[in-house]
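Encoded as structure tokens, the structure appears first; notes follow it.
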Amino acid sequence: MQNNVKVARVEQSLTQEQLAKAVKVTRQTIGLIEKGKYNPSLQLCIAIAIKLDKTLDQLFWEVNK
């Protein structure tokens, strides 16, 4: 599953480490989420969305192309 977390994080000029600290997970977890190799809980998705000032749809909704 591809997502837009990395794009939104870079737009905010945040490192994986900074985002991870803000949402209380490891940098590795953020890396896996960005690669679509980790399925975060809804609570974590919401925390990431709030920190990145995006909606859940903007970050995680899959659009069939």
Side-chain angles (χ1 to χ4, degrees):
M1 179 183 98
Q2 196 60 26
N3 60 60
N4 294 313
V5 174
K6 183 175 184 177
V7 172
R9 176 179 61 75
V10 171
E11 284 175 356
Q12 296 282 330
S13 299
L14 292 171
T15 65
Q16 286 183 346
E17 187 70 36
Q18 289 169 323
L19 179 56
K21 283 184 180 176
V23 298
K24 298 178 175 57
V25 296
T26 66
R27 183 201 57 77
Q28 290 85 352
T29 298
I30 297 298
L32 290 172
I33 291 169
E34 288 181 355
K35 291 176 185 169
K37 296 185 177 188
Y38 179 84
N39 193 9
S41 68
L42 180 56
Q43 184 176 356
L44 179 53
C45 289
I46 291 168
I48 291 170
I50 290 169
K51 180 63 183 172
L52 296 178
D53 195 28
K54 298 286 184 185
T55 66
L56 291 176
D57 281 357
Q58 288 172 315
L59 291 179
F60 298 105
W61 191 256
E62 268 192 87
V63 177
N64 294 330
K65 295 184 171 140

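As the structure is a computational prediction, the values presented were derived from the model and not from experiment.
Leu59 approaches Ala8 most closely through the heavy-atom pair CD2-CB, 3.6 Å. Scanning both residues, Leu19 and Lys51, for their nearest heavy atoms gives CD1-CG, 3.7 Å.
In this structure, the separation between CG on Leu32 and CD on Gln16 is 9.0 Å, given to the nearest 0.5 Å.
Dense packing is recorded around CG of Asp57, with more than 12 heavy atoms of other residues, nucleotides or ligands lying under 6.0 Å away.
Put simply, the side chain of Arg9 gets close to the backbone of Leu14: a donor and an acceptor are under 3.5 Å apart.
The side chain to side chain donor-acceptor pair (under 3.5 Å) search around Gln12 returns none, not counting sequence neighbours. Residues passing the side chain to side chain donor-acceptor pair (under 3.5 Å) test with Glu11, sequence neighbours excluded: Lys54.
Listed by first and then second residue, the salt bridge (Lys or Arg N to Asp or Glu O under 4.0 Å) pairs involving residues 13-24 amount to none (not counting sequence neighbours).
A chain of hydrophobic side-chain contacts below 4.5 Å, direct or via other Ile, Leu, Val, Met, Phe, Trp or Tyr residues, connects Leu44 to Leu56. Using a 4.5 Å cut-off between side-chain heavy atoms of Ile, Leu, Val, Met, Phe, Trp and Tyr, with links allowed through other members, Val5 and Val10 fall into different hydrophobic clusters. Each of Val7 and Ile48 belongs to its own hydrophobic cluster when Ile, Leu, Val, Met, Phe, Trp and Tyr are linked at side-chain heavy-atom distances under 4.5 angstrom.
Side-chain contact check for Val23 versus Thr29: every heavy-atom pair is 4.5 Å or farther apart.
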Evaluate the criterion side-chain contact (heavy atoms from CB on, under 4.5 Å) for residue pair Phe60 and Leu42; output intermediate values, then yes/no. CA-CA 11 Å; Phe60 298 105; Leu42 180 56; over 6 Å; no
